[in-house]
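As the structure is a computational prediction, the values presented were derived from the model and not from experiment.
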2 protein chains.
Amino acid sequence: MTSVEEPARPGERERVRDAARTQAEILDVATQEFARAGYDGARVDEIAARTRTTKRMIYYYFGGKEQLFTAVLERAYGVIREAEQQLDVDHLDPVAAIRRLAELTFDHHEQHPDFIRLVSIENIHEAQHIAASGKLGKIGSPALDVIRRILEEGRRSGLFTADVDAVDLHALISSFCFFRVSNRHTFGALFGRDLVDPAQRAHYRTMLGDMVIAYLTAERAAD
Amino acid sequence: MTSVEEPARPGERERVRDAARTQAEILDVATQEFARAGYDGARVDEIAARTRTTKRMIYYYFGGKEQLFTAVLERAYGVIREAEQQLDVDHLDPVAAIRRLAELTFDHHEQHPDFIRLVSIENIHEAQHIAASGKLGKIGSPALDVIRRILEEGRRSGLFTADVDAVDLHALISSFCFFRVSNRHTFGALFGRDLVDPAQRAHYRTMLGDMVIAYLTAERAAD
DNA sequence: TCACTAATGTACGAACTAGTACGTTAGCTA
DNA sequence: TAGCTAACGTACTAGTTCGTACATTAGTGA
């Protein structure tokens with residue numbers, strides 16, 4: 001998540017009024033607060049109190065609580081898109097490429113629990129903020145293009161047998177990565193196992209890769 | 001979910017005062033309201049208005065909003081436990097047994113979207129109500145015992161090669177089933193694909209089974 | 001340097017919301 | 001059938017929460 005800790009660039013004197021900084025600071029704090037308490041549990045006053053500015057500015061820049069949450073979502077999705085764009089697997093064989101992609105997803109989900117919480121919250125509200133966003137419509141994800149290319153190559157070379165398209169494979173990979181973070185509390189409370197235990201991280205990361213590869217390369221009964 | 005539509009048993013005259021019926025009716029409506037709006041978004045007044053009783057009775061029987069939500073969770077988890085207890089796969093070979101179990105999980109998740117939403121909500125609140133419940137501690141799940149038996153048999157017979165225990169396999173199966181329902185709104189909005197489209201139901205159900213079997217039976221590099 | 005506007009702060013209000021004090025009655029039991 | 005209590009309803013309050021009217025000032029362009 002883009003943060004605003006650094007006081008602009010060195011040499012540039014910290015101005016008292018800085019619209020960009022104020023907005024970014026509001027977004028940082030709002031991200032934490034919405035992720036912590038959910039949309040209705042989050043308090044606009046609390047967000048304001050934890051910035052260097054006032055509630056007035058939240059309404060000045062974002063218009064209201066709903067639009068603030070939408071802006072928070074837009075930025076959070078932007079971050080994962082950027083990470084996915086860094087992905088370069090064209091030099092790898094399809095099996096290694098898919099494993100690399102799955103591991104990137106795994107790592108990103110683990111490193112951004114706030115993002116997971118925001119997405120969970122947005123689903124409770126039936127994606128109404130995404131629908132109202134404009135910036136966030138059906139713009140897909142860079143990962144999808146990568147998956148498409150890998151799948152094509154994998155099938156061409158005969159390594160992949162599964163009858164699956166890029167979107168479904170993305171869902172399969174995401175489901176494991178997402179669940180592990182999103183449901184860790186209830187899962188831990190009910191089954192006594194912490195899915196995000198650092199000592200088990202490598203285990204689950206391998207498990208994910210094994211699962212995806214096994215699925216894609218399994219011998220299939222006649223289609 | 002246990003419902004209270006039927007006016008007791010036929011012949012039994014509907015009494016004006018019926019503690020069990022009132023409590024069940026409150027739980028029914030509260031389940032819907034909490035699932036609809038989240039914990040903080042849910043309104044005690046709204047729950048009361050949609051029952052045949054008043055807010056007073058919610059406090060009389062449950063004590064408060066927190067305890068009401070806990071009671072709602074307890075009942076919802078009870079329902080899935082019951083479903084899992086119906087499961088009888090001892091007569092099936094391990095591969096068929098695991099597929100049957102996965103499909104039962106798939107079906108239950110699809111048929112109980114409110115349950116999924118409640119669990120998502122409880123995770124946003126870090127499972128605090130489960131922790132405070134008593135009824136819901138680390139009591140596991142009937143499905144776990146079934147998985148344990150199938151895994152043992154599968155490994156004994158040499159069919160299963162994966163180094164995975166029952167809890168992790170349960171997580172793998174649940175993640176796909178849960179994500180498909182819990183994240184359908186954001187996934188649909190971002191990728192233009194409805195994961196719960198009835199026309200695709202069989203496709204995803206097969207995909208789940210294929211994935212689990214492929215993972216369990218894949219040829220592994222030397223361990 | 002001066003005026004203009006974007007950026008900011010203060011103080012407040014209207015509406016909502018969880019929870020409760022108090023009073024009433026249905027239905028069971030002796 | 002009388003009386004007792006679990007079950008129920010009404011009306012209210014204290015505290016909260018989103019949002020805004022109004023006043024002020026930093027920084028910039030002419």
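- Salt bridge B/R21/B/D28: absent, no basic N to carboxylate O contact under 4.0 Å.
- Remark: B/R43 does not engage B/E33 in a salt bridge, criterion side-chain N to carboxylate O under 4.0 Å.
- Protein atom CZ of B/R17 is 15 Å distant from nucleotide atom P of C/dT29, rounded to whole Å.
- With rounding to whole Å, B/M57 atom CE is found 17 Å from C/dT24 atom P.
- Base contact: B/Y60 has a heavy atom under 4.0 Å from a base atom.
- Distances shorter than 4.0 Å separate none of the side-chain N or O atoms of A/T53 from OP1 or OP2 on C/dA7.
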Task: Steps toward ring-ring contact (aromatic ring centres under 6.0 Å, His included) verdict (A/F34, A/F69) - done: CA-CA 7 Å; A/F34 280 122; A/F69 184 73; 4.9 Å; yes
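- Residue A/F62 contributes atom CZ, which lies 12 Å from atom P of C/dA7 at whole-angstrom precision.
- Contact annotation: B/Y61 reaches the phosphate of D/dC8 (side-chain N/O to OP1 or OP2, under 4.0 Å).
- Counting all heavy atoms, side chain and backbone alike, A/E84 lies closest to A/P142 at OE1-CD, 3.2 Å.
- What separates CZ of B/R52 from P of D/dA7 is a distance of 16 Å, to the nearest Å.
- Of the options B/D210, B/V89, B/V212, a side-chain contact (heavy atoms from CB on, under 4.5 Å) to B/R99 is made by B/D210 and by none of the others.
- Of the charged side-chain nitrogens involved, none lies within less than 4.0 Å of a carboxylate oxygen, so that A/R148 and A/D165 do not count as a salt-bridged pair.
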Task: Summary of protein contacts for nucleotides 16-22 of chain C, nucleotide by nucleotide, where a base hit scores B, a sugar-phosphate-only hit scores S (4.0 Å, heavy atoms) - done: -SBBBBB
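- At the phosphate of D/dC8, OP1 or OP2 sits under 4.0 Å from a side-chain N or O atom of B/T22.
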